[in-house]
Amino acid sequence: MAKIGIVGVGAVGCACALSCVTRGSAHELVLVDRTRKRAEAVATDLRYGTPLTPKITVTDGDYADLAGSALVMITAGVNEKTGGATDRSDPQGRLRLLDKNTAIYRDIVPRIVRAAPDAVLLVVTDPPDPLADVARDCAGHDRVLSAGTLLDSQRFRVHLARHFAVDAATVEAQVIGDHGTSQVFLWSGARVGGVAVRKLLEANGEEFAAFREKLEQDVRYANITIIEGNNASQFGIGIVSARIAEMVLADARAVVPIGSHNKDFGVTLSLPSVLGRHGVAEVLMPEMSAEERAALDRSAETLRTALRRVEKKAA
């Protein structure tokens, strides 16, 4: 099953589609949007570039055309700029979008599942973690992923790589928990070429606390910085979403920080996870400091509180 569906062809959906096409993530890509003309236009535009990409068929369609998809990305919903989630001083951050996007998910997820009952669902819409729990409830199965902190982890790696003037691929660094303001940076495990970041900073005569505060601020609010300059944070998440789809379709069993429902925490949040054909096959609990573990517990509580609020409204 080498078919991917994307529901929602706004800025993020288009970026996901472009990444899937240029990377050759699947043999077939179908785009669904509430405005069929938009989906048709985007599919047509992408199709004109496919003679220069790995072989892929790009079509637009309705929900029924998602049939046979191995994975469906859900990018539909109110975005951060439209939803007023661009204030760095707002502790809710992306969670401010939850109520409106929950209503949208309760409408579209059942339609997706009827058409593609065996597909893995990848929640990309913000806030992806509680929305993954909403999608899981609507879908009636556990093959639901949140894009989670995989993008945040890449941002962490890129910022460290720029500081130390090295290739980001050689940096080991993870963000776990919530894809939002309560995300947790695993500094205790951050390394460049196997050397702890803290030791590298000390060797350079740099103060760890100040460096940590600045980097966390830059990564935590990277979306807002991008939106301020380009109206939407889209390309990074597009590449990340395409890569997640590839890992699922290939049954890669790669270990990445990604969101899935965690019974111990009672919500969807990101931890290093073995990702394969049916979604997350196993969750790994990384070594972390007492401070990091306490921060993870707080992040989980933030998500539980948000989820309880929307569940209460639905009751």
Using distance only, find each side-chain donor-acceptor pair of residues 194-204 under 3.5 Å and give its atom names and separation, not counting sequence neighbours.
unit_1, atom_1, unit_2, atom_2, d
Asn204, ND2, Leu200, O, 3.4
Asn204, ND2, Glu206, OE2, 3.4

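- Counting only residues at least two apart or in different chains, side-chain hydrogen bond (donor to acceptor under 3.5 Å, both in side chains) contacts with residues 298-307 comprise Ser182-Ser299, Glu301-Arg304, Glu301-Thr305, Glu301-Arg308, Thr305-Arg308.
- Taking the side chain to side chain donor-acceptor pair (under 3.5 Å) definition, one finds that Glu291 meets it with Arg212, sequence neighbours left out.
- Ala26 meets the side-chain contact (heavy atoms from CB on, under 4.5 Å) test with Ile4, Leu249; sequence neighbours excluded.
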Pair up each side-chain donor or acceptor in residues 183-192 with any protein partner under 3.5 Å, not counting sequence neighbours, and list the distances.
unit_1, atom_1, unit_2, atom_2, d
Gln183, NE2, Asp152, OD1, 3.1
Gln183, NE2, Gly180, O, 3.2
Trp187, NE1, Glu216, OE2, 2.7
Ser188, OG, Glu292, OE1, 2.6
Ser188, OG, Glu292, OE2, 3.3
Arg191, NH1, Ser188, O, 3.1
Arg191, NH1, Gly189, O, 3.4

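- Partners of Ser233 according to the side chain to side chain donor-acceptor pair (under 3.5 Å) rule, which considers only residues two or more places apart in sequence or in another chain, are Arg155.
- Lys100 meets the side chain to side chain donor-acceptor pair (under 3.5 Å) test with no other residue; sequence neighbours excluded.
- Judged as a side-chain contact (heavy atoms from CB on, under 4.5 Å), and not counting sequence neighbours, the contacts of Asp65 are Val30, Asp62.
- Legend: residues meeting side chain to side chain donor-acceptor pair (under 3.5 Å) with Ser25, ordered by chain and number and at least two apart, are Glu246.
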Which donor-acceptor pairs under 3.5 Å do the side chains of residues 43-57 make with protein atoms, sequence neighbours left out?
unit_1, atom_1, unit_2, atom_2, d
Thr44, OG1, Glu40, O, 2.7
Thr44, OG1, Arg47, NH2, 3.2
Arg47, NH1, Val58, O, 2.7
Thr50, OG1, Arg47, O, 2.7
Thr53, OG1, Thr50, O, 3.2

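- Residues satisfying the salt bridge (charged side-chain N to carboxylate O under 4.0 Å, His left out) criterion with Arg38, sequence neighbours excluded, are Asp33.
- Applying the under-4.5 Å side-chain rule to Ile, Leu, Val, Met, Phe, Trp and Tyr, the cluster around Ile239 consists of that residue alone.
- The shortest side-chain heavy-atom distance between Val124 and Ile237 falls under the 4.5 Å cut-off.
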